[in-house]
Each structure stands twice: as structure tokens, then as C-alpha cells.
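Heads up: the structure comes next, in C-alpha cells.
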Amino acid sequence: MRFLFVGDSMTVGSAGDFTWRYRMWQHLEATLGEDGYAITGPRTELYDTEAGAPLSHAYGDPSFPAHARRHLAGWGEGWLHMAPVVADAVTAARADVLLVSLGLIDLGFYTDSGQTALNVREFITAARTANPAVRMVLLPVIPNIRAESDALFAAECDRFNTLLAKAVADLDTGPSPLLLASHPQGYDIHTDTYDGTHPGPSGEHRLAAAFADAMHQAWGVGGPYAGALATA
């Protein structure tokens with residue numbers, strides 16, 4: 001199986017981060033073995049906050065192998081940005097499974113919940129033009145610092161998550177199944193992030209677990225997440 005990570009700043013990570021992609025790589029190694037999967041994508045970099053660009057290769061674990069660092073994630077990018085490029089990325093990467101964490105950036109800076117949901121549908125349609133049998137696991141917008149203090153923004157996040165669930169239900173097909181992952185179990189922005197939004201090590205484990213457990217429970221892929229905080 002060929003996995004493609006699609007996401008925003010929480011997925012690409014910044015210099016010094018391990019990233020939840022790293023935690024997922026460890027999970028895939030442990031459950032599928034090195035010959036049972038591949039991680040694909042057009043990018044490998046982390047975001048360099050000083051340069052304001054994705055120029056860093058300073059992962060928290062320098063031994064994170066180059067072939068497993070691949071992704072399609074960008075700081076400040078959302079469904080709006082990924083919908084036009086996902087077909088080419090899926091084609092080039094020959095991706096079978098998309099693990100997608102998007103939405104917060106869209107709602108915070110670009111589009112309301114209704115337009116963001118339309119961009120989700122455009123993304124799914126585009127990915128399927130490249131691979132009609134592609135599988136996707138979609139993560140809802142998870143708790144964040146702005147939603148804690150801005151009631152209107154929190155309501156938009158909730159409305160988008162409802163629309164995302166409807167899109168998954170409407171567009172799920174046998175040849176190209178869609179999964180809506182659960183909110184990461186026990187996720188607390190005060191302990192699982194370093195700034196109220198971006199995951200620290202414990203948050204990375206919880207994000208990886210949300211995707212890993214969804215795939216295992218629905219598709220029998222891999223196994224239950226057994227990372228550091230699997231039962232926390």
C-alpha cells in the first residue's frame with residue numbers, strides 16, 4: 001500500500017518536530033513491515049519559521065529515513081489549495097491511500113464552512129480521477145486555541161465537521177472507500193500542542209493513532225496503534 005499524507009502546518013511540521021508522519025511511519029513499520037507499504041509524495045521538507053518557507057530537513061529524529069519523509073503538506077495550505085493539485089500528486093506518487101488532515105487553515109483564513117465542504121468534494125473527485133480505487137481517511141477539524149476563545153469560529157468548525165461527515169457518507173463507494181477518522185482520543189490543546197494548535201510529541205502520537213485505528217477497525221489494515229500514548 002502506498003500512503004500519501006495530505007495536510008497543513010500540523011502535518012508538515014516545523015524544524016525540530018518529529019511530526020505525526022514520523023509516528024505513523026513507526027506504526028507502519030511495526031504492523032506492515034518495510035515491504036508491506038511505501039510512503040509517497042512530492043515533498044520532504046519541514047517548515048522553517050525563520051525563513052518563512054519549507055526549507056528545513058531538521059527532523060526531531062535525524063534517522064527518519066528520507067523515503068519515509070515524503071508528503072503533500074504545506075504551512076498555510078488547506079482544502080482550497082490541495083484540491084487543484086491532488087490529482088497530479090496521486091498520479092505521480094501512485095498513491096493508494098490518502099491520510100488527510102485539513103480544514104483549520106481554510107476556516108481560519110480563506111473560506112467558510114460551506115465553501116470548505118465544497119472544496120472537500122472537489123478534492124475527492126480530483127483524487128479519484130487519478131486513481132479510481134484510491135482510499136481516503138479524513139480527519140475532522142480538531143480542537144484548537146482559536147476555537148476555545150472565539151465562539152463563532154468554534155461554531156464554524158462544528159458546522160464544517162458535520163458537512164465533512166455528510167460528504168464522506170455521500171461519496172463513499174465500494175471501489176474507493178472513504179473513512180471519517182474520530183477526533184484523537186484524549187486530545188488536549190494545553191498538553192498535546194506547543195502553541196494551542198500544532199502538536200507536540202504527545203499530540204503527534206494521538207494524531208497518528210486516530211488514522212491508524214480508523215484503518216485497522218474499518219479495513220483491517222495494520223493493527224491497533226501501539227505508540228507511546230496508545231492507551232492514554
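Below, each value reflects all heavy atoms present in this structure, side chains not excepted, and no hydrogens, waters or symmetry copies.
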Applying the 4.5 Å side-chain criterion to the ILVMFWY set and letting contacts propagate, would Ile105 and Leu164 be lumped into a single cluster? no
Identify the heavy atoms of Ala210 and Ser182 that sit nearest to each other, and give their distance. CB-O, 3.7 Å
Would you give the length of the straight line joining atom CZ of Arg128 to atom CD1 of Ile124, rounded to the nearest 0.5 angstrom? 6.5 Å
Keeping Arg94 on the side-chain end and Arg2 on the backbone end, is there a donor-acceptor pair under 3.5 Å? no
Just do the side chain to side chain contact (heavy atoms under 4.5 Å, CB included) check on Met82 and Val100 with the steps written out, would you? CA-CA 10 Å; Met82 295 302 183; Val100 187; over 6 Å; no
Is there a donor-acceptor contact under 3.5 Å from the side chain of Ser176 to the main chain of Val134? yes
Any idea how Tyr47 and Trp75 line up, ring-wise: parallel (<30°), tilted (30 to 60°), or perpendicular (>60°)? parallel
Going only through I, L, V, M, F, W and Y residues with side-chain contacts under 4.5 Å, is there a path from Leu80 to Phe109? yes
I'd like to check Arg23 versus Gln26 (side-chain heavy atoms, cut-off strictly below 4.5 Å). Are they in contact? yes
Check the angle between the aromatic planes of Tyr225 and His27 and answer parallel, tilted or perpendicular using the 30° and 60° thresholds. tilted
Please report the shortest heavy-atom distance between Ala127 and Val86, naming the atom on each side. N-CG1, 3.8 Å
Ignoring hydrogens and angles, tell me if any N or O in the side chain of Arg146 forms a donor-acceptor pair with the backbone of Gly108 under 3.5 Å. yes
Which atom names give the shortest non-hydrogen contact between Tyr187 and Leu207, and what distance separates them? CE1-CG, 4.4 Å
Please find the pair of heavy atoms, one from Leu180 and one from Pro140, that lie closest to each other, and give the distance. CD1-CG, 4.0 Å
From Gln115 atom CD to Leu107 atom CG, the distance as rounded to the nearest 0.5 Å: 11.0 Å
Quick check: closest heavy atoms across Ser101 and Thr11, and the distance to 0.1 Å? CB-OG1, 3.8 Å
Going only through I, L, V, M, F, W and Y residues with side-chain contacts under 4.5 Å, is there a path from Leu138 to Leu118? no
Going by atom type alone, with no hydrogens or angles, which donor-acceptor pairs under 3.5 Å involve a side-chain atom of residues 39-46 and a protein atom two or more places apart or on another chain?
| residue | atom | partner | partner atom | Å |
| --- | --- | --- | --- | --- |
| Thr40 | OG1 | Phe3 | O | 3.2 |
| Arg43 | NH1 | Ala73 | O | 2.8 |
| Arg43 | NH1 | Glu77 | OE2 | 3.2 |

Output the distance between atom CZ (Phe5) and atom CZ (Arg70), rounded to the nearest 0.5 Å. 12.0 Å
Would you check if the side chain of Asp88 reaches a backbone N or O of Val85 as a donor-acceptor pair within less than 3.5 Å? no
Do Ser63 and Asp61 meet the criterion of a side-chain donor-acceptor pair at a distance under 3.5 Å? yes
Applying the 4.5 Å side-chain criterion to the ILVMFWY set and letting contacts propagate, would Val12 and Leu104 be lumped into a single cluster? no
Below 6.0 angstrom between ring centroids: does that apply to Tyr110 and Trp79? no
Flag, side chain of His205 to backbone of Trp20, donor-acceptor distance under 3.5 Å: no
What distance do Ser149 atom OG and Asn144 atom CG have between them, rounded to the nearest 0.5 Å? 8.5 Å
Given the rule in the side chain to side chain contact (heavy atoms under 4.5 Å, CB included) test, do Val97 and Tyr37 qualify, once you have shown the distances and angles that lead to the verdict? CA-CA 10 Å; Val97 183; Tyr37 77 97; over 6 Å; no
How far apart are the closest heavy atoms of Phe211 and Met24, and which atoms are they? CB-CE, 3.5 Å
Close side-chain approach of Asp170 to Arg121, heavy-atom, < 4.5 Å: yes
Group every Ile, Leu, Val, Met, Phe, Trp and Tyr by side-chain heavy-atom contacts under 4.5 Å, then state whether Leu171 and Leu99 land in the same group. yes
Hey, can you tell me if Tyr194 and His198 have their rings parallel, tilted or perpendicular (30° and 60° cut-offs)? parallel
For Thr129 and Ala126, indicate whether the former's side chain and the latter's backbone hold a donor-acceptor pair under 3.5 Å. yes
Decide yes or no for Tyr59 and Tyr22: does some side-chain heavy atom of the first lie under 4.5 Å from some side-chain heavy atom of the second? no
Rounded to the nearest 0.5 angstrom, the CG-CD distance for Asp192 and Glu204 is 10.5 Å
For Pro177, does its backbone N or O pair with a side-chain atom of Arg135 as donor and acceptor, under 3.5 Å? no
Compare all side-chain heavy atoms of Thr19 with those of His71 and state whether any distance is below 4.5 angstrom. no
Going from CG on Leu163 to OG1 on Thr116, what distance comes out if it is rounded to the nearest 0.5 angstrom? 9.0 Å
Please confirm whether the backbone N or O of Thr111 pairs with a side-chain atom of Asp106, one donor and one acceptor, at under 3.5 Å? no
I'd like to know if the side chain of Asp195 reaches the main chain of Thr193, judged simply by a donor and an acceptor atom lying under 3.5 Å from each other, with no hydrogens or angles considered. no
Counting distance only, does the side-chain N/O of Asp172 pair as donor-acceptor with the main-chain N or O of Val168 below 3.5 Å? no
Using a 4.5 Å cut-off on heavy atoms from C-beta on, say whether the side chain of Thr31 contacts that of His216. no
Answer whether the closest heavy-atom distance between the side chains of Pro199 and Met10 falls below 4.5 Å. yes
Is there a side-chain contact between Leu102 and Asn119 (heavy atoms, below 4.5 Å)? no
